[in-house]
Q: 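Quick one: structure below, then a few questions.
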Amino acid sequence: MLDIKLIRDNPESVKNKLRLRKEEVSVIDKILDTDGQRLILISKSETLKELRNSVSDEIAVMKKNKQDASDKIAEMKKVSDEIKAYDEELRKVDADLDMQLRYVPNLPDDSVPLGNSEKDNAEILKWGEKNSFDFDVKDHIELGKALDILDFERGTKISGSGFPLYKGKGAKLERALINFMLDEQSKNGYKEVMTPVLVNRASMEAAEKIPKFEEDMYHIEKDDLFAIPTAEVPILNIHRDEILKQDDLPLKYCGFTNCFRREAGSYGKDTKGFLRVHQFNKVELINFCRPEDSYIELEKMLDDATGILKKLNIHYRVIELCTADIGFSASKCYDIEVWSYAENKWLEASSVSNCTDFQTRRAMVRYKKVLDNNKTKTEFVHALNGSGLATSRLMVALMEAYQTKEGNIIVPEILRSYTGFDII
RNA sequence: GGAGAGGUGGCAGAGUGGUUGAAUGCGGCAGUCUCGAAAACUGUUGUAGCGGUAACGCUAUCGAGGGUUCGAAUCCCUCCUUCUCCGCCA
C-alpha cells in the first residue's frame, strides 16, 4: 500500500505517477476526502477521550475520599456514548479508506520508460543466439509425448487441464533443474527456505495479493487458506511484523515451491502444454534491503536470475517493462524471456521486481536504521522479488533448444551431474 | 477430535477494576570512575496515530476483536496461538 501521508502531502505528484501507469486517478481525490473525514473523527474522539480520562481520575480521587461523584459519573456516561458513536463512524471510515488504498498500485520509479501498453516495453539485452536447426523442430508437447516424459492427458485426468504430469527422465530433469537453481542461488548468497504452500488470508493481504487478485487464486474455504501463486507470498511473510537489524540487510532468500494459479479469464490463450498451467514449479528469490540500496539490488537480482540461463546456455532477452505494464506492487520491473523455437516467439520465464516499501508497509517489515547521531529510527525495508526461475516455460525452451534430429533431448552439460544421464 | 493450563515491554517476570505505560531483574544506550577495559554506581531505554517548525502535548496499545463500566492488563464473550495429557494418523 502507498503511504497515506505521501498521498495527503503530495496528491498531485502521486496522481501524475499513477497516470503514467494508465490508472484512474479520481480515486486519489476520494481517498483524500475519506482521509479528511477520518482525521476530523480522530480529533473529535480523542478530545473527548482526554476529557473522560481526566475526569475518571477525579472520580477515583473523590471515591477514595468518600465524596459523592454521581454528577460526574452521569456526565461521563454521556461523553462515553458520544465517544462510542464517533468510534463507530471512525471504524467505518477507516475500513473504507483501507479498501480504497488496497486498489492503488505502487508508483513507478522515475527511471521506468514511459509507455501506453506492453508494446512499449523495451528490450534492453539479448544473450546468446538462436540455434540453426537443419530439420523441422518439434514442440515440447510432441517431444514430451514421444519420449514419454510429459503426460498432459493423464495430468488432466488426475486434476484437470493445466496440471502437468512429469514422468521418468522428465521428472528427473525437472528435479535436476530445481536442485541446480537452488544451488546456484545459494552460491549467490540467498538462504534456502522451504515454505508452506497454503497460506492464510493475512499473508495474502500482506503480500498485496488480496483483494486485487483473489479471483486468480485457489482458495480452501473450510480453512480460509490460499494455495500460493508464488513463493513470494510465504517468503515475504517470514518477517511480517518484525523489525530487522540494519546489519542483517540485505537479507536474501531463495525457495522452491509449487505455484498455483487459476488463470481465470485467460482460457484459450497460450493453453498448449506448459505455456499456461495451473500448477508449476518455481525457485523464487526475495531480497529485503535498505531503501537506498533497492535499485542496485534489483540489478544484482536480474544478474542472479539470468545467470541460470547463461549456465544452461539458453538464448534469452531482458525486457524493461514500461510504466503501463509493471506489476501492481512494483515500482520497476524486468522480465526475462526465453526463445521458443516451436512457437517462434519469446516466453516469459522470470519477472524481477523492486516493490520498494509497498508490500513491507502493509506487512510491517521494518528495520532499525542507525542515524548519524547514533540514535535509531524504525523504517520500512524495501522488498524485491524475482523468479530464479520458473521451470515450465524454461522447460519448453530447454527441450526445444536441445532437441536432436532423432527426436531426443540432450541434457545441458551443467545439469548432467544432477540428472545422472546426458540424453533423453 | 476430547480434557486442562497459559499468552504482559528486547528477554525473564510482578500485577486481578481507579494517577500502572505498567514493579523488579537481565539486556541495550549514555555518563561517572579508569591509561584503557571489567566491575560498581547514576541516568536513560517500546510502538503507532493526531496536533505542533520544534520543545512538547494528547490518544491508543498488556495475543486479536467485541462487550460490561464514569473508568479495564485486571470482569464477560468470540477467535487465534502455545504447552501438557488422551485419542487418531502420514
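To find a chain, count down the sequence lines: A is the first, B the second, and so on, and within it residues start at 1.
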Q: Determine: side-chain N/O of A/Arg52 to OP1/OP2 of B/U69, distance under 4.0 Å, yes or no.
A: no

Q: Could you state the CG-P distance from A/Asp98 to B/G49, rounded to the nearest angstrom?
A: 15 Å

Q: Would you measure the distance from the C1' atom in B/C62 across to the matching atom in B/A72 and give it in whole Å?
A: 11 Å

Q: If we take the C1' atom in both B/U8 and B/G63, what is their distance in whole Å?
A: 10 Å

Q: Expressed as a whole number of Å, how far does the P atom of B/G6 sit from that of B/G15?
A: 13 Å

Q: In whole angstrom, what separates A/Lys5's NZ from B/G52's P?
A: 13 Å

Q: Map A/Arg366 and A/Lys77 onto RNA chain B by nearest heavy atom, then report which one ends up closer to the 5' terminus.
A: A/Arg366

Q: Tell me: CZ of A/Arg361 to P of B/A48, nearest whole Å?
A: 13 Å

Q: Can you tell me how far C1' in B/A64 sits from the matching atom in B/U82, rounded to whole Å?
A: 15 Å

Q: Base, sugar-phosphate, or nothing: which does A/Lys368 touch, judged by heavy atoms less than 4.0 Å apart?
A: sugar-phosphate

Q: Hey, does A/Ile243 reach any base, or is it just sugar-phosphate, or nothing, if we go heavy atoms under 4.0 Å?
A: nothing

Q: Heavy atoms under 4.0 Å, any strand shown: does A/Lys72 hit a base, just sugar-phosphate, or nothing?
A: nothing

Q: If I take atom CG in residue A/Asn65 and atom C1' in nucleotide B/G18, what distance separates them, rounded to the nearest angstrom?
A: 13 Å

Q: For atom C1', what is the distance between B/G9 and B/G21, given to the nearest Å?
A: 9 Å

Q: Ring centres of A/Phe358 and A/Phe328 under 6.0 Å apart?
A: yes

Q: Which base sits across from B/U74 as a Watson-Crick or G-U pair, both distances under 3.5 Å?
A: none

Q: Atom CD of A/Glu50 to atom C1' of B/G49: distance rounded to whole Å?
A: 15 Å

Q: Say you pick atom P in B/A22 and the same atom in B/G57; how far apart are they, in whole Å?
A: 13 Å

Q: Any donor-acceptor pair under 3.5 Å joining the side chain of A/Glu46 to the base of B/G51?
A: no

Q: Which value, in whole Å, describes the distance between the C1' atoms of nucleotides B/U69 and B/C56?
A: 32 Å

Q: Do any side-chain nitrogens or oxygens of A/Ser80 fall under 4.0 Å of OP1 or OP2 in B/G71?
A: yes

Q: Please walk me through it: do A/Tyr253 and A/His239 pass ring-ring contact (aromatic ring centres under 6.0 Å, His included)?
A: CA-CA 11 Å; A/Tyr253 291 99; A/His239 294 298; 5.6 Å; yes

Q: Closer than 4.0 Å, any side-chain N/O of A/Asn53 to the OP1 or OP2 of B/A60?
A: yes

Q: If you round to the nearest 0.5 Å, how far is CG of A/Asp68 from CD1 of A/Ile73?
A: 8.0 Å

Q: Assuming nearest nucleotide by heavy-atom distance, tell me which of A/Ser54 and A/Arg8 is located more 5' along RNA chain B.
A: A/Arg8

Q: Using a heavy-atom cut-off of under 4.0 Å over every strand shown, decide if A/Lys84 touches base, sugar-phosphate, or nothing.
A: sugar-phosphate

Q: Quick one: A/Ile83 CD1 to B/G71 C1', roughly how many Å, whole number?
A: 11 Å

Q: According to a strict under-4.0 Å criterion, is A/Lys49 in side-chain N/O contact with OP1 or OP2 of B/U59?
A: no

Q: When the C1' atoms of B/U74 and B/U61 are compared, how many Å lie between them, rounded to an integer?
A: 16 Å

Q: With sugar-phosphate meaning primed atoms plus P, OP1 and OP2, does A/Arg201 contact a base, only sugar-phosphate, or nothing at under 4.0 Å between heavy atoms?
A: nothing

